[in-house]
Every structure is written in C-alpha cells, then in structure tokens.
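Quick note: numbers below take in every heavy atom, side chains included, and nothing from hydrogens, waters or symmetry partners. Each chain gets a letter, A, B and so on, in the order its sequence line appears, and its residues count up from 1.
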There are 2 protein chains.
Amino acid sequence: MKKIFNMSNPKVERVLADLKRLGYRLTRPRQSVLQVLMEADGCLRPEEIHARARRYCSTLGLVTVYRTLSLLSEMDHIRRVHREDGCHSYARTELAHGHHLICRDCHQVIEFPGLDNMSTLIDPIARETGFLVEDHMLELVGLCPVCQEKVEA
Amino acid sequence: MKKIFNMSNPKVERVLADLKRLGYRLTRPRQSVLQVLMEADGCLRPEEIHARARRYCSTLGLVTVYRTLSLLSEMDHIRRVHREDGCHSYARTELAHGHHLICRDCHQVIEFPGLDNMSTLIDPIARETGFLVEDHMLELVGLCPVCQEKVEA
DNA sequence: GACATATTGAAAATCTTTTTCATTAATAAT
DNA sequence: ATTATTAATGAAAAAGATTTTCAATATGTC
Ligand SMILES: [Mn+2]
Ligand SMILES: [Mn+2]
Ligand SMILES: [Zn+2]
Ligand SMILES: [Zn+2]
C-alpha cells in the first residue's frame, strides 16, 4: 500500500521506512496511528489517539491502536509515559522524556522537560552496579507558588 | 478495639496513634494491612498485601486493602510506586523514598548510592517554576547483570 | 490478478480498581 | 456492661484499561 497522506511528515517517513525494513506491512490503520503520534506535541492516551486517527482511517479499531502502540514502543519510536490515574500515555520518543513536578497541597502537576544532564547522574550508577539502565522516572514533590503563599498566610 | 498483635511493631504503633489522632477507627482489617506494610522490606502489590494480611485477619476483603492503601498514602505513611506492567506497588515511606534501581525482568530492587549532584538537577527547575521542591523520587528501570545474560543467551 | 499470510476489528476475556449498599463492629454515651 | 451512633467492612456489581480470540480483510509478492 502507498502512503495515505499526500503531505508527508519526515518523522512519519522515517518510521515507515523502519517498519518496511523490518518486514512489517504499511497498512492504513498503522499509518493513521503513526501520523497522529508524529504530529502531536505531547502525550496522548490510546483513546485520544484512536479518536484522532479515525479522521484518517474511519474504520480504525481501538485494538489496533494498542497493537500499533506496542509495536512502535518496541521499536523505540514512541515511549510510554506513566499517568497518576493509572493508565498510560504515549509520545514520540523525543517528547516522552518529561518529568513531573507535583504540588503536595493542590496536587497540581507540572511537566518539565527532559534533563540532558540526567545521564551524568545515571551513568556512574550503571557502571557501579552493572545494570543496563533503560528508563528512569523522576518525580519532584513540593509546593507550587500559590500554595506556598497559602502556607505563609 | 485493642491492638490485634501482642508483639508490637513501633512503626505500626506510630501509624495507629496517627490514625486515632485523626479520628479514624482502629479496626482489625486496617491493622492487618498496616502490619503487613510495616513489616515488609520492599514494594508490595495490593493483591500480595491482601494475601499476607489475611493471615492476620481472615475475613479481610481486597476492597479494604485498597481503601487502607489510599488512606495511608494520603497520610504519607506509605507511598505508591509505579510498575512497568501498569499496576502499582506500595511501600513504607522510608523505603519508597530512596532511589531505586529496579530490574524489569526479575524485579530485583537495588538501592543505589550517592546522589549529591541531585540538587544541580533540581535547583534550576525550582528556580524556573517557582516551586519549593521538598522531596524527590527517582526510579531507574533496566536489566540487572544476571538478566542481561539471560537475554543474550 | 491470484496467492499466502500479516493484520485487522468485533466481541469476549482479563485484570486492576472503584462504587454501591446492606451488614458489622468500633467508639462514645449511658 | 448495654446501648446508640455511625464509620468501616465485604460481597457483588460496575467501571476502565488492556489483551486475547478468531473469522474476515487487506497488503506485499509472484
Ligand atoms: Mn526522563
Ligand atoms: Mn503508574
Ligand atoms: Zn499547589
Ligand atoms: Zn534481573
């Protein structure tokens, strides 16, 4: 099958090539999910991805979304992000490195972008322990500006 | 109700006092869950906690485990730890607070040494966001040396 | 175009967690 | 100790998220 989008996204192209290289078929459902993920600038839940991707492939089933997410995760083109409410979100690997800053009072959650210096922290630990560190999760807890004032008052 | 365990654990005592202070009842089901959590030296899933706590309170329902976990989390006596497979584990705050290195295959948990440079990481974020960062949780996930070999083989 | 089969979607199954609600038991008052 | 109050409990049902099953379909190849 040919690409389903006339206007081509270089990120999408790259993944499509990778899929083909590995012998996977370039189906319309897959392409629709991929397109959504690669044009998004944040984390999306499977349900959201499903809704958006249906605009490109109206017959798309949620099951296929899950299957595609799992495949793209394996290939490390997207990454799964933990959510407080139990389920998961997915984002392009470049974006998925966000960390959380949580206010212990109002429970506000701020995402802050990935830290490049994270590896200066992790590398020595990997070396010492012999672990192959594949992922990390950093969560900061404290008081947001608003709640700091509430406490002072 | 009086305490259900003749041999008393100081950690359990402390939480019981706190519960009483806040007007909660010291029920047998609650005490059994608490006991399990405070005598454990690692993370436990609700199902595991349920199984263990039943030895102290045979009628204990899984629902009550969830309710107690949520209460103790609110009170910050235990902390919820994210798991790769979607569900959550819980551990005493002291245990859950440190930095952990978790093997995604054998689930081994190693506590890893010295992160003095944590503040070089956190300070800029605090400055940018205006948050007062009081606590942090860092979890590294990967493969332990043993499980790396298993994969290679 | 025909073929082989990887992929799909619907439905059912699983699994974790939450809600509902009638019953039970902890605490405080008598 | 007995009783009254009502927070807390457990069973069952519901809610969600994700996975499995399987017959039908669409893709890449010849
Ligand atoms: Mn990260
Ligand atoms: Mn999680
Ligand atoms: Zn706040
Ligand atoms: Zn291991």
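Other residues, nucleotides and ligands contribute only 12 or fewer heavy atoms inside 6.0 Å of the CG atom of A:D41.
The interatomic distance linking B:H88 (NE2) with D:dG16 (C1') rounds to 14 Å, in whole Å. The nearest whole Å value for the distance from the CG atom in B:L26 to the P atom in C:dT24 is 22 Å. What separates CD of B:Q31 from P of D:dT9 is a distance of 11 Å, to the nearest Å.
Side chains of B:R25 and B:K20 form no contact here, defined as non-hydrogen atoms less than 4.5 Å apart. B:H50 is not listed as a side-chain neighbour of B:T64, based on a closest heavy-atom distance of 4.5 Å or more.
Side chain of A:R67, nearest nucleotide from C:dT17, D:dC22, D:dT27: D:dC22. Of the candidate nucleotides D:dG10, D:dT18, D:dT9, D:dT18 has the atom nearest to the side chain of A:L62.
Toward the 5' end of DNA chain C, the nearer of the two residues B:Y90 and B:Y24, judged by each one's closest nucleotide, is B:Y90. Of the two residues near DNA chain D, A:P46 and A:P29, the one whose nearest nucleotide lies more 5' is A:P46. Between B:V63 and B:G23, the residue anchored nearer the 5' end of DNA chain D, judged by the nucleotide with its closest heavy atom, is B:G23.
Between A:Y66 and the phosphate of D:dT19, there is no side-chain N or O to OP1/OP2 separation shorter than 4.0 Å.
At a cut-off of 3.5 angstrom, the base of C:dT5 holds at least one donor-acceptor pair with the side chain of A:R25. In this model, no side-chain donor or acceptor of A:R45 finds a partner on the base of D:dG16 within 3.5 Å.
Note on A:R30: only backbone sugar-phosphate atoms sit closer than 4.0 angstrom, heavy atoms only; bases stay farther off.
In summary, B:R92 and B:E94 engage in a salt bridge, as defined by a charged side-chain N under 4.0 Å from a carboxylate O.
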